[in-house]
Amino acid sequence: MNNLRLEVENEIAVLTITRPGALNALNSETLEELNTALSEIEARNDVKVVILTGGPDKKDNPYKSFVAGADIAEMVKFTAAEARAFGMRAAEPFFKLMNMRQVTIAAVNGFALGGGCEIAMACDIRIAADNATFAQPETGLGIIPGFGGTQRLARLVGMGRAKELIFTCDNIDANEAYRIGLVNKVVAKEDLMETAKAMAKKIISKGSYAVSIAKAAINNGYDMDIKNAVEMEANLFGITCSTHDKQEGMSAFLERRAADLTDF
Ligand code: CO8
């Protein structure tokens with residue numbers, strides 16, 4: 001892979017986008033590499049959590065940029081049809097981040113602009129370094145957020161705030177992103193990866209199959225009416241009750257011992 005690094009340790013995959021000359025902007029090649037890497041990870045039983053982050057810039061500053069957007073140098077030449085194809089090329093890996101059985105955490109280490117904010121929003125959880133900057137600058141470029149931003153931002157922070165951010169292109173800092181619910185946590189930039197890994201470790205200590213089913217229940221129910229959503233949840237609850245982990249988890253509680261949860 002030219003623009004992506006994958007490291008796996010202790011059931012955690014760290015995926016680092018590495019385009020130092022373009023502040024990790026997403027071009028077609030990077031989106032394809034990301035799609036391939038996520039398909040491979042999804043098939044692996046030795047990965048329970050994926051942490052997505054950005055590599056250093058060309059001056060080797062690791063906190064300059066998470067992802068500074070989609071690649072403007074590539075997009076400037078697009079016809080309408082090519083732009084649509086580019087959007088769909090991103091939709092595939094973004095849906096994988098959202099729906100894959102592994103938990104996905106964006107560790108936002110600097111600029112998260114346009115497509116950078118959008119890829120972070122496709123992850124389950126966002127942890128921001130205290131120097132991170134978020135924005136949807138697209139309308140200033142004469143386009144709209146096209147990697148799901150008009151949809152995911154409104155779902156995360158509400159329609160009013162999403163409209164303000166998209167219509168004004170304002171930059172917001174990590175604390176404001178936390179205040180409006182765009183990120184789950186803000187930490188000192190030096191602590192970013194350790195915090196993301198500590199959260200991953202905590203998630204991995206729970207029943208991994210149950211976590212993946214809970215993720216599916218939250219995602220699938222979000223756009224359903226409440227009656228059907230609760231019925232869907234009851235069905236998934238029933239499935240978790242047929243697992244080894246349910247038997248082991250509950251028996252361990254009753255026997256006052258640590259549970260050995262192994263399903264995934
Ligand atoms: N695309 C391509 N190259 C980029 C991008 C980008 N998004 N961002 C930065 N770069 C490049 C710069 O061109 C520069 O290259 P070079 O050194 O060869 O001149 C290098 O990265 C370093 O950038 P700067 O010199 O500009 O660094 P600064 O510290 O001065 O500024 C900024 C950093 C503020 C992040 C600035 O680079 C910037 O404003 N970047 C663009 C941010 C932006 O507008 N992002 C949104 C892009 S649009 C988008 O993401 C749409 C998503 C949906 C597409 C849907 C299609 C269907």
Go through the side-chain N and O atoms of [X] and [Y] and say whether any donor and acceptor fall under 3.5 Å apart.
X: Thr195; Y: Lys185; value: no
X: Gln102; Y: Ser212; value: no
X: Asn35; Y: Lys96; value: yes

Legend entry - Cluster link Phe111 to Ile51, ILVMFWY, side chain under 4.5 Å: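 Unlinked, Phe111 and Ile51 end up in two clusters.
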Inset, instruction - Check the hydrophobic clustering (I, L, V, M, F, W, Y; side-chain heavy atoms under 4.5 Å; chains of links allowed) and say if Met100 and Val211 are grouped together. - result: no
For [X], does the [atom1] atom have more than 12 heavy-atom neighbours from other residues, nucleotides or ligands under 6.0 Å away?
X: Phe86; atom1: CZ; value: yes
X: Met224; atom1: CE; value: yes
X: Ile226; atom1: CD1; value: no
X: Asn235; atom1: CG; value: yes
X: Glu7; atom1: CD; value: yes

Legend entry - Identified side chain to side chain donor-acceptor pair (under 3.5 Å) counterpart of Arg19 within the set Asp57, Asn24, Asn2, Asp71: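 With Arg19 as partner, side chain to side chain donor-acceptor pair (under 3.5 Å) holds for just one option, Asp71.
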Legend entry - Residue pair Asn3, Thr18: steps toward the side chain to side chain donor-acceptor pair (under 3.5 Å) verdict: CA-CA 5 Å; Asn3 308 315; Thr18 53; 5.6 Å; no
Inset, instruction - With salt bridge (Lys or Arg N to Asp or Glu O under 4.0 Å) as the test, would you mind laying out the steps for Glu248 and Arg257 before giving the verdict? - result: CA-CA 10 Å; Glu248 166 62 12; Arg257 61 176 174 80; 2.8 Å; yes
Inset, instruction - Dump the intermediate steps for salt bridge (Lys or Arg N to Asp or Glu O under 4.0 Å) on Glu164 and Arg161, then the final yes or no. - result: CA-CA 5 Å; Glu164 182 182 345; Arg161 287 200 169 102; over 6 Å; no
Inset, instruction - Run the salt-bridge test on Arg44 and Asp46 with the 4.0 Å N-O cut-off and return the result as yes or no. - result: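 Here Arg44 pairs with Asp46 in a salt bridge, since their nearest N and O are under 4.0 Å apart.
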Inset, instruction - Please check if the side chain of Asp130 supplies one atom and the backbone of Lys189 the other of a donor-acceptor pair under 3.5 Å. - result: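 Yes; judged by distance alone, with no hydrogens or angles, the pair exists.
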Inset, instruction - Give a yes or no on whether the ring-centroid distance for Phe94 and Phe147 is below 6.0 angstrom. - result: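 Here the rings of Phe147 and Phe94 have centres that are less than 6.0 Å from each other.
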Inset, instruction - Establish, for the pair Arg89 and Phe78, whether the NZ or CZ atom is under 6.0 angstrom from the six-membered ring centre and no further than 45 degrees off its axis. - result: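 Checked: cation-pi criterion not met.
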Inset, instruction - Starting from Met250, walk the hydrophobic network (Ile, Leu, Val, Met, Phe, Trp, Tyr; side-chain heavy atoms closer than 4.5 Å) and list everyone else you reach, by chain and number. - result: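 Met250 clusters with nothing; isolated.
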